[in-house]
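A quick write-up on the structure given underneath.
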2 protein chains.
Amino acid sequence: MGQTLSIGDLARATGVKATTIRWYEAEGLLPAPARTEGGHRAYGEAHLGRLGFIRHARELGFPMPAIRELLDLASHPERDCATAHGVATAQIAAIDAKLRRLQALRGELARVAEACGGGRAGECLILEVLADHQHGHCTDPLHAEAGREGV
Amino acid sequence: MGQTLSIGDLARATGVKATTIRWYEAEGLLPAPARTEGGHRAYGEAHLGRLGFIRHARELGFPMPAIRELLDLASHPERDCATAHGVATAQIAAIDAKLRRLQALRGELARVAEACGGGRAGECLILEVLADHQHGHCTDPLHAEAGREGV
DNA sequence: ATGGGACCTCTAGCGACTGGAGGTTCAAGC
DNA sequence: GCTTGAACCTCCAGTCGCTAGAGGTCCCAT
């Protein structure tokens, strides 16, 4: 019992790349582990658990600050879990906003793509729609709400 | 006719910030305009049109390389617009992939959030689900397909 | 003893901007 | 003509969540 894990072991066990694990450490998400005489990182079970936690939360799309909050909460069992609820609901709301925006985009894009029947670029309706700036700039709340977020 | 527009005029007309316009110029998306004696940028109608084009394409979520391609196409009317079709359909496919992933996330997250009835963090089911790394790391295609994309 | 894979640190880069510092120019009002 | 102050200029750093590479060291099996 209590034998240590290399960073590679941890990477294989969790599916998080070694470089990313080191980055988590630098960011303070994962505590710095013990080192071997030669300077290699030597992890224990607690690290494995914590890294798994981080990975799950990332998979669910939680942003880094939210993950910090959840980790903090997880290590203080006497606190109220209302915080966790709040973080989770905020994340759901964020996802819903992105879904609405993406669905709107998809609809408009499909309409645009359907419009053009092929031929020379000079008559392409896709290009025409894009070039038409008569619409003025967009102020509708759907776009404003999500902003530019790497859609 | 032919009076020039300042970068601020262009920004107001298109809704693209002045800093972003300068950045587009540095990236080669927008040709460098004439300058006043004092060095201020002096744009013409062509710039306005091109910037509007870029903005529309960004609003529809096209990535930068796709926009370059579309701009290139738009300035060569004799070419085949099949390229534009291809770019648009690829963009729709990308959006669909993101939608599927987001919908899956939303479902799982809602399930997780609903599970916990409140109380102390030590018994919080949200935290428990996140901490449970017994699932091993995720290899299902839905997650693999989209990767980490700022969801 | 040696080979080669895993590990180390440090730095830079991704996409698509955004913000700030520190300085110059323009246009309107007096 | 002069003053003000808003708008403009360039350059650099930061955003988010990693990822990749250079250049070197360590560990372990043969």
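As the structure is a prediction and not an experimental result, all values here were calculated from the model.
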Do any N or O atoms of the protein come closer than 3.5 Å to N or O atoms of nucleotides 12-15 of chain D, and which pairs are they?
none

Whole angstrom value for the distance that separates [atom2] of [N] from [atom1] of [X]:
X     : N      : atom1 : atom2 : result
A/L51 : D/dC18 : CG    : P     : 11 Å
A/W23 : C/dA12 : CH2   : P     : 18 Å
A/I54 : D/dG17 : CD1   : P     : 12 Å
A/I7  : D/dT25 : CD1   : C1'   : 15 Å
A/D9  : D/dC28 : CG    : P     : 11 Å
A/I21 : C/dC7  : CD1   : C1'   : 12 Å
B/L5  : C/dC26 : CG    : P     : 16 Å
A/F62 : D/dG17 : CZ    : P     : 13 Å

Taking 4.0 Å as the cut-off, does a side-chain nitrogen or oxygen of [X] come that near to OP1 or OP2 on [N]?
X     : N      : value
B/Y24 : C/dC17 : yes
A/R41 : C/dC7  : no
B/R12 : D/dA7  : no
B/R35 : C/dT24 : no

B/R22 near the nucleic acid: base, sugar-phosphate alone, or nothing, with a heavy-atom cut-off under 4.0 Å?
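Result for B/R22 = base.
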
Do A/I126 and B/H85 have side chains that approach each other closer than 4.5 Å (heavy atoms only, starting at C-beta)?
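With C-beta onward as the side chain, the pair touches.
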
Is A/E59 close to B/E108 at the side-chain level, that is, under 4.5 Å between some pair of heavy atoms?
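No, too far: nothing below the 4.5 Å cut-off.
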
Return each pair, listed once, that meets side chain to side chain donor-acceptor pair (under 3.5 Å) where at least one residue sits in residues 29-43 of chain A; pairs must be two or more places apart or across chains.
A/E25-A/R41

Side-chain (A/D96) to main-chain (A/A93) donor-acceptor, under 3.5 angstrom
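Not a single qualifying donor-acceptor pair exists.
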
Keeping the roles fixed (side chain from B/R55, backbone from B/T14), state whether a donor-acceptor pair exists under 3.5 Å.
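Between the backbone of B/T14 and the side chain of B/R55 there is a qualifying donor-acceptor contact (under 3.5 Å).
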
Select one nucleotide: of [options], the one nearest the side-chain heavy atoms of [X].
X     : options                : answer
A/K17 : C/dC17, D/dG17, D/dA20 : D/dA20
A/T20 : D/dC8, D/dC18, D/dT10  : D/dC18
B/M64 : C/dA16, D/dT10, C/dT9  : C/dA16
A/H40 : D/dG17, D/dT19, D/dC26 : D/dC26
B/T36 : D/dT19, C/dC26, D/dC8  : C/dC26

Let me know, please, whether A/G8 or B/G38 comes out on the 5' side of the other along DNA chain C by nearest nucleotide.
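This one resolves to A/G8.
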
Could you list the donor-acceptor pairs under 3.5 angstrom formed between side-chain atoms of residues 46-54 of chain B and any protein atom two or more places apart in sequence or on another chain?
from: B/H47; atom 1: ND1; to: B/G44; atom 2: N; distance (Å): 3.3
from: B/H47; atom 1: NE2; to: B/P31; atom 2: O; distance (Å): 3.3
from: B/R50; atom 1: NE; to: B/L29; atom 2: O; distance (Å): 2.8
from: B/R50; atom 1: NH2; to: B/L29; atom 2: O; distance (Å): 3.3

Can you name the nearest heavy-atom pair linking A/V87 to A/A66, along with the distance?
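Heavy atoms only, the tightest pair is CG1-CB, 3.7 Å.
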
Between A/R22 and A/E27, is the closest basic N to carboxylate O distance under 4.0 Å?
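Answer for the salt bridge query: no.
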
Residue whose closest nucleotide on DNA chain D lies nearer the 5' end, A/T19 versus A/E37
A/T19

